[in-house]
Amino acid sequence: MAIADGHGLPLAVCTESASPAEVKLVAQTLEQRFLADVPERLIGDKAYDSDGLDTAVLHQFGTELIAPHRKGRRPERQTQDGRPLRRFKRRWKIERLFAWLYNFRRLVVRYEYHAQNYFGFVQLACLMILLRHL
């Protein structure tokens, strides 16, 4: 999981096994951010459409979560209006961050036996990306 700013630069990364759902890793990723400031809003895909997650992130971190509604959501339970969802168009910037991370060959395939070593290489790659854009 990764959180990027408006320019696609990394703000937080978190590595975990493939079994937990992304929704359960949002708080953990926000706690492992590089900066002391918490982002004002997070933009996620339809997997992040959860009222419980919206309220938890808002109360714990003060961050607004923007995610389009899933297909089966009832109209009376919809919470997003059209204005914040326009920001969803800029979600390509996080995909660009992952493309930058995949330029580091060691991150594409996890060769490390220990998860801490792999997480260290992910942090090193994020540091190199940040240093390139100073």
Side-chain angles (χ1 to χ4, degrees):
M1 298 253 328
I3 297 174
D5 67 352
H7 302 289
L9 299 175
L11 295 179
V13 291
C14 175
T15 58
E16 193 67 38
S17 66
S19 58
E22 291 180 10
V23 176
K24 296 180 180 180
L25 299 175
V26 172
Q28 181 180 354
T29 306
L30 280 171
E31 290 171 357
Q32 294 182 357
R33 63 188 179 273
F34 301 134
L35 303 173
D37 297 336
V38 180
E40 293 179 22
R41 60 188 72 85
L42 287 177
I43 300 172
D45 56 3
K46 290 184 181 184
Y48 295 92
D49 180 29
S50 168
D51 293 335
L53 179 64
D54 290 347
T55 57
V57 169
L58 186 62
H59 291 323
Q60 187 176 1
F61 298 103
T63 302
E64 176 189 10
L65 186 65
I66 300 170
H69 291 305
R70 290 182 299 234
K71 186 176 181 180
R73 191 162 177 128
R74 294 187 304 235
E76 65 270 4
R77 304 263 338 248
Q78 291 188 359
T79 57
Q80 298 279 349
D81 60 349
R83 186 168 181 219
L85 283 177
R86 281 185 258 161
R87 291 186 176 99
F88 186 74
K89 294 177 186 175
R90 292 189 293 258
R91 192 177 177 279
W92 62 271
K93 293 180 182 181
I94 188 72
E95 302 299 335
R96 181 175 63 181
L97 170 64
F98 284 117
W100 287 342
L101 287 173
Y102 289 152
N103 285 333
F104 298 95
R105 186 179 299 173
R106 190 152 197 153
L107 299 181
V108 175
V109 177
R110 183 179 160 187
Y111 294 109
E112 285 76 29
Y113 182 75
H114 299 288
Q116 297 89 358
N117 293 344
Y118 182 74
F119 184 61
F121 282 118
V122 171
Q123 287 180 327
L124 181 64
C126 289
L127 178 68
M128 291 177 68
I129 290 170
L130 287 171
L131 287 175
R132 285 182 190 163
H133 289 90
L134 280 181

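We count residues from 1, following the sequence as given. Every value quoted in this text rests on a predicted model; they were computed, and no experiment measured them.
In this structure, H7 NE2 and K93 NZ are separated by 7.0 Å, a value rounded to the nearest 0.5 Å. Note: Q116 CD to T15 OG1 = 8.5 Å, rounded to the nearest 0.5 Å. The distance from atom CZ of R110 to atom CZ of F121, rounded to the nearest 0.5 Å, is 12.0 Å. Atom CG of D54 and atom OG1 of T63 lie 11.5 Å apart (nearest 0.5 Å).
Taking the side chain as every heavy atom from C-beta outward, M1 and Q28 never approach each other to under 4.5 Å. F119 is listed as a side-chain neighbour of V13, based on a closest heavy-atom distance under 4.5 Å. Looking only at side-chain heavy atoms (C-beta outward), L11 and D37 stay at 4.5 Å or farther from each other. No side-chain heavy atom of P39 sits less than 4.5 Å from a side-chain heavy atom of D5. Side chains of W100 and R132 form no contact here, defined as non-hydrogen atoms less than 4.5 Å apart. Looking at V38 and R33, their side chains come closer than 4.5 Å, going by heavy atoms from C-beta outward.
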For L131 and L127: C-alpha separation, side-chain torsions, deciding distance, then whether side chain to side chain contact (heavy atoms under 4.5 Å, CB included) applies. CA-CA 6 Å; L131 287 175; L127 178 68; 4.2 Å; yes
Please report the C-alpha distance between L107 and Y118 in whole Å, then the side-chain angles of each, then the deciding distance to 0.1 Å, and finally whether the side chain to side chain contact (heavy atoms under 4.5 Å, CB included) criterion is met. CA-CA 8 Å; L107 299 181; Y118 182 74; 4.0 Å; yes
Please determine whether side chain to side chain contact (heavy atoms under 4.5 Å, CB included) holds for the pair L97 and I129, giving the CA-CA distance in whole Å, both sets of side-chain angles, and the decisive distance to 0.1 Å. CA-CA 9 Å; L97 170 64; I129 290 170; 4.2 Å; yes
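Connection of F34 to I94 is established within a shared hydrophobic cluster, with ILVMFWY side chains joined at heavy-atom distances below 4.5 Å, either directly or through further cluster members. Note: the hydrophobic cluster containing L30 does not contain L9 (ILVMFWY, side chain heavy atoms under 4.5 Å, direct or indirect links). If you chain together hydrophobic residues whose side chains sit under 4.5 Å apart, W92 and F98 never meet in one group. Hydrophobic clustering of Ile, Leu, Val, Met, Phe, Trp and Tyr side chains at less than 4.5 Å, counting indirect connections, unites L35 with I3. The cluster map of Ile, Leu, Val, Met, Phe, Trp and Tyr, joined by side-chain heavy atoms under 4.5 Å apart, puts I66 and L58 in different clusters.
In terms of heavy atoms, V26 sits closest to Y48 at CG2-CE2, 3.4 Å.
A search for salt bridge (Lys or Arg N to Asp or Glu O under 4.0 Å) contacts involving E31 returns nothing, not counting sequence neighbours.
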